[in-house]
Number of protein chains: 2
Amino acid sequence: MVTLKNIAEELGISITTVSKALKEYPDVSEKTRKLVRETAALLNYQPNSFAVNLRTKESKTIGLIIPVVVHHFFSSVIKGIIAQAEKKGYLVIILQSNESYELEQKQIDLLLRKRVDGILISLANETSDFSHLNKVINQQTPIVMFDKIAKVVKCSKVIIDDRKAAYTATQYLIDIGCKKIAHFRGPLLPQNSIDRFLGYKKALLDNDLEFDVSLVYTCECGDASFEEGKANAKQLLKDHDDVDGIFINTDLVAIGAMKEFNDRGVKVPEDINIVGFSNWFMASVISPSLTTINQPGLEMGKKAFKLLFKEIKSRKANKLITHKQVVLDTDLVVRDSTKNK
Amino acid sequence: MVTLKNIAEELGISITTVSKALKEYPDVSEKTRKLVRETAALLNYQPNSFAVNLRTKESKTIGLIIPVVVHHFFSSVIKGIIAQAEKKGYLVIILQSNESYELEQKQIDLLLRKRVDGILISLANETSDFSHLNKVINQQTPIVMFDKIAKVVKCSKVIIDDRKAAYTATQYLIDIGCKKIAHFRGPLLPQNSIDRFLGYKKALLDNDLEFDVSLVYTCECGDASFEEGKANAKQLLKDHDDVDGIFINTDLVAIGAMKEFNDRGVKVPEDINIVGFSNWFMASVISPSLTTINQPGLEMGKKAFKLLFKEIKSRKANKLITHKQVVLDTDLVVRDSTKNK
DNA sequence: CTGAAAGCGCTTACAG
DNA sequence: CTGAAAGCGCTTACAG
């Protein structure tokens, strides 16, 4: 591998001058600069990033911890993050927490030991203790949370207004004439499951509809799956066969539920109206296509990186870091799984 | 940040001894070793990875270049790679080529400049020149290709037998009674599009069915999309309304085609039998569910990392690197988009 | 405009 | 068993 030393020896000048010439320092003569550049190109010189990292104490690399990779929404976020990072000359190390708190902790430690310039994270469903995140903050590594966040942790966040979106979805079911609306919520812990549930509840109450806890189905298994949708739908038919609308926490679960209804001769939307959440690509291609809340994954990824980038810059300049919370817009996409009565 | 120097000063011993004690060198007294370890723990010492990288000339980081992230098969591969890498203490930098040759080249350079320990890559559809890959090989950085490979490049590869899988799919259509079978192939360049096409053709010929070029629809747009499936299906109905079976290069395209047929009152499987390729999750939940070839993404990712890991080890030990080509098994998953006549 | 020197924080061959 | 020293390949404050 070619080093500065090689170029210096080749030209009979000092390493210092070579370094300065390549970095466009003003105090190098045009002649020397040109000579150095030509020689560097000739020898195909590439700066040793390990040495640069050690000197500059930065690696132009960030870490990303995400609960699941094979997932329409999250993979869209990943795409947004790496696209934006590349623009700014940053690389992204990706880690999957598998919705496990233990793994998430280990991965945070791993990234800190790697001395990444910053961390982006969406929390595992299991995570209810945040000391690992506070550790990151205490040692001044910039961190931005997105989608699945912890409200009490003091850092920048990019989210959607889950409560409002859920309210919109539920209100829509009411507007088209549903009288008894169930809710399949996600696992207990994550903030967005809670918020979506609260939005659902509030819409009912604001419309003088009874809120009945037995109409709320919680995900026992910890992850929102197709199977869970089927199981919940089956149980719902047993418990309440007069339900005429369901607001479901995630498209995948909604698709499972629709499958179960279809298998049992329950018609969507004629017998039951269904609204999902996230607008997975799949939602537009199944039959009936799924009415859902569009959640802007790509945009969320881009925004999260932008915030992180600003904090990295601020920290480098020893400026005060101010935390921001960005709320992205969602919208209701009406398709064929719902129908005005 | 705590350094070896801090620990040494704290204990009044040399940096050398501290380093050796922490690295379990045998020539350090048990007493010193213990003392050093305790102090390191107390001060929460973390080795500076930048310095370690510079000294050891390795970063325990690999690069991954993938055409698309938001994609069921590729995201499964990513999951397999990062899971396996984590087990061996490696981190993964992920880059998306967007099916662009130009980007792919830049990203290879980026990774080489970063001095990653190895590279995993699945080629962009556009890529037909391989000098960037040979550059990697020439400078002795281990590289393993998976799924979308270049046969002529000398390195390890993990693939499926696309030709055989396509043959199986086509033979199955013939077996259930199809007389006129079309093929929606992918873009022109990638090896697996070519191989799937060849498998289709061979199955026809082996069964004494006529091979008709006009029954093969090529993807003009460069990426295999839902829209492409719709467009091809539309064109097919115009050109050949007597086709009774289609073997389609990718599930997503197949789903687009099914949508178009459904919209136009053409029944699947009654009027046309359809076999897809890849076994996206979506294939199992749409109606009718899609008969397809299962392509083991997770396993492919794991295997690709394992091969790369071996080469990294070999290279470090200055051993000869032998390239391997691993062919993973595929199987036909029969669902409701096909039916025995 | 040029360069000697210090230093980033490690690892390791070598001397004692 | 311990430690001084060299060196990985850069960057940059400082002297001339």
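These numbers were taken from a predicted model, which means no experiment stands behind them.
- Residue A:Q46 contributes atom CD, which lies 19 Å from atom P of D:dC8 at whole-angstrom precision.
- Side-chain nitrogen and oxygen atoms of A:K57 include at least one within less than 4.0 Å of the OP1 or OP2 phosphate oxygen of C:dG9.
- With rounding to whole Å, A:R55 atom CZ is found 13 Å from C:dA6 atom P.
- Using bins of under 30°, 30° to 60° and over 60° for the plane-to-plane angle, the ring pair B:F74/B:H71 lands in the tilted bin.
- Among the heavy atoms of the strands, none lies under 4.0 Å from B:F50.
- Comparing D:dG3, C:dC10, C:dT11 against the side chain of B:Y45 picks out C:dC10 as the nearest.
- Phosphate proximity of D:dT2 to B:T17: absent, as no side-chain N or O sits under 4.0 Å from OP1 or OP2.
- Which of C:dT12, C:dC10, D:dG9 sits closest to the side chain of B:T16 comes down to C:dT12.
- Where pairing requires Watson-Crick or G-U contacts shorter than 3.5 Å, the helical stems of DNA chain D with at least three consecutive pairs are C:1-3 with D:14-16, C:5-12 with D:5-12, C:14-16 with D:1-3.
- Remark: A:K23 is in phosphate contact with D:dT12, judged by side-chain N or O atoms under 4.0 Å from OP1 or OP2.
- In summary, the side chains of B:Q96 and B:Q107 do not present any donor paired with an acceptor at a separation below 3.5 Å, with no hydrogens or angles considered.
- Side chain of B:Q191 to backbone of B:A150: no donor-acceptor contact under 3.5 angstrom is found.
- Separating the CG atom of B:L54 from the P atom of C:dC10 is a distance of 12 Å, rounded to the nearest angstrom.
- A:T3 comes within 4.0 angstrom of sugar-phosphate atoms only, judged by non-hydrogen atoms across all strands, and of no base.
- Look at CD on B:E9: it is 15 Å from C1' on D:dG3, rounded to the nearest Å.
- Listed nucleotides D:dA13, C:dC1, C:dC10 differ in distance to A:K20; the shortest reach to its side chain belongs to D:dA13.
- Side chain to side chain, A:S100 and A:N98 fail the donor-acceptor criterion of an N or O pair below 3.5 Å.
- Rounded to whole angstrom, the span from the OH atom of A:Y25 across to the P atom of D:dA13 amounts to 7 Å.
- Residue B:S29 is in sugar-phosphate contact alone, with no base atom involved, counting any heavy-atom pair closer than 4.0 Å across all strands shown.
- Under the 3.5 Å distance criterion, the side-chain polar atoms of A:R315 are matched with a main-chain donor or acceptor of A:Q140.
- Atom-to-atom, CE of B:M1 to P of C:dC8 comes out at 15 Å; the value is rounded to the nearest Å.
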Show, in sequence, the C-alpha distance, side-chain angles and deciding distance for B:R33 and B:E24, and conclude whether the salt bridge (charged side-chain N to carboxylate O under 4.0 Å, His left out) test is met. CA-CA 8 Å; B:R33 190 196 315 261; B:E24 305 287 336; 3.4 Å; yes
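- With A:N53 contributing its side chain and B:F50 its backbone, the two residues share no donor-acceptor pair below 3.5 Å.
- Closest to the A:A51 side chain, of the nucleotides D:dT2, D:dG9, C:dT2, is D:dG9.
- Distance, A:D27 CG to D:dG16 C1': 13 Å, rounded to whole Å.
- Taking atom CG on A:L4 and atom C1' on C:dA4, their separation rounds to 15 Å, with Å as the unit.
- Not a single donor-acceptor pair under 3.5 Å links the side chain of B:E99 to the backbone N or O of B:A124.
- Remark: B:S19 is not in phosphate contact with C:dC10, judged by side-chain N or O atoms under 4.0 Å from OP1 or OP2.
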